[in-house]
Amino acid sequence: DSPDFRDRLKAHEIELERTNKFIKELIKDGLMLINALKNLSAAVQRFSQSLQDFQFECIGDAETDDEINIAQSFKEFAQLLHTVEEERRRLIQNANDVLIA
């Protein structure tokens, strides 16, 4: 084998090693991101459930119109958050499948 061939082969080996290291770091960072997204999703789901469960304590005979409107707004916002989190879970699962597969 000629010295030029050996030099080119060595350069290719170095580039393959660099690319391999980059891909491993990319997968590691991607998995860390997926785990962070899962934690975010769980926190948003807990917050959404808290909004859904919120109840005013009645002082007097009945809730005021403002209390009713606020409680209804919380429930609607909770439902919106729930819908967003369902989509985020799908996104996370797809990203996870791509990185692990």
Side-chain angles (χ1 to χ4, degrees):
D1 296 336
S2 71
D4 185 50
F5 174 77
R6 288 183 189 154
D7 290 342
R8 285 186 291 160
L9 183 60
K10 181 70 173 169
H12 284 290
E13 289 172 345
I14 290 170
E15 181 60 25
L16 283 173
E17 185 61 36
R18 187 187 72 76
T19 301
N20 187 42
K21 183 178 178 185
F22 174 79
I23 290 170
K24 286 180 180 179
E25 284 294 314
L26 187 64
I27 290 170
K28 181 180 128 194
D29 291 345
L31 291 173
M32 284 175 47
L33 176 61
I34 287 170
N35 286 330
L37 287 170
K38 286 178 181 178
N39 289 335
L40 172 63
S41 184
V44 171
Q45 288 171 339
R46 284 189 301 273
F47 179 69
S48 173
Q49 190 60 49
S50 294
L51 288 173
Q52 187 71 31
D53 295 343
F54 179 79
Q55 292 288 331
F56 277 108
E57 290 294 323
C58 280
I59 300 174
D61 294 337
E63 290 181 319
T64 66
D65 288 343
D66 285 344
E67 291 170 337
I68 292 169
N69 289 336
I70 291 169
Q72 183 59 34
S73 294
F74 282 174
K75 289 186 185 330
E76 289 175 14
F77 187 54
Q79 183 56 44
L80 176 66
L81 288 175
H82 180 74
T83 301
V84 168
E85 288 314 304
E86 285 178 355
E87 291 303 316
R88 187 189 319 262
R89 278 196 306 270
R90 285 189 194 100
L91 176 75
I92 292 168
Q93 186 59 51
N94 288 341
N96 196 42
D97 292 347
V98 168
L99 278 175
I100 292 179

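We use all heavy atoms of the structure for the numbers below, so side chains are in, but hydrogens, waters and symmetry mates are not.
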- [ ] Kindly work out whether a path of hydrophobic side-chain contacts (I/L/V/M/F/W/Y, heavy atoms less than 4.5 Å apart) joins F54 to I68.
- [x] no
Open item on the list: Counting neighbours of CG on D65 that are heavy atoms of other residues, nucleotides or ligands and sit closer than 6.0 Å, is the number greater than 12?
Closed with: no
Task: side-chain hydrogen bond (donor to acceptor under 3.5 Å, both in side chains) contacts touching residues 68-77 (sequence neighbours left out) - done: Q72-E76
- [ ] Starting at CD of E57, measure out to CD of E63 and round the result to the nearest 0.5 Å.
- [x] 10.0 Å
- [ ] Calculate, to the nearest 0.5 Å, the distance between atoms CZ and CZ belonging to R8 and F5 respectively.
- [x] 7.0 Å
TODO: Could you tell me whether a side-chain N or O of S50 sits under 3.5 Å from a main-chain N or O of R46, the two making a donor and an acceptor?
DONE: yes
Task: Contacts of R90 that satisfy salt bridge (charged side-chain N to carboxylate O under 4.0 Å, His left out) - sequence neighbours left out - done: E87
Task: Non-hydrogen atoms of R88 and L37 that approach each other most closely - done: CD-O, 4.1 Å
- [ ] Sequence neighbours left out, what pairs pass side-chain hydrogen bond (donor to acceptor under 3.5 Å, both in side chains) with at least one residue falling in residues 26-44?
- [x] S41-E85
Task: Gap between atom NE2 of H82 and atom CD of Q49 - 0.5 Å precision - done: 9.0 Å
- [ ] Answer with yes or no whether the hydrophobic clustering places I23 together with L33; edges join I, L, V, M, F, W, Y residues whose side-chain heavy atoms lie under 4.5 Å apart.
- [x] yes
- [ ] Report whether L91 and V84 are members of the same hydrophobic cluster (ILVMFWY, side-chain heavy atoms less than 4.5 Å apart, transitive linking).
- [x] no
TODO: Specify the closest pair of heavy atoms between A78 and L51, including all atoms of both residues, with the distance to one decimal.
DONE: CB-CB, 3.8 Å
Task: Interatomic spacing from CD1 in I27 to CD1 in I34 - rounded to 0.5 Å - done: 10.5 Å
Task: Spacing of L9 atom CG and I14 atom CD1 [to the nearest 0.5 Å] - done: 10.0 Å
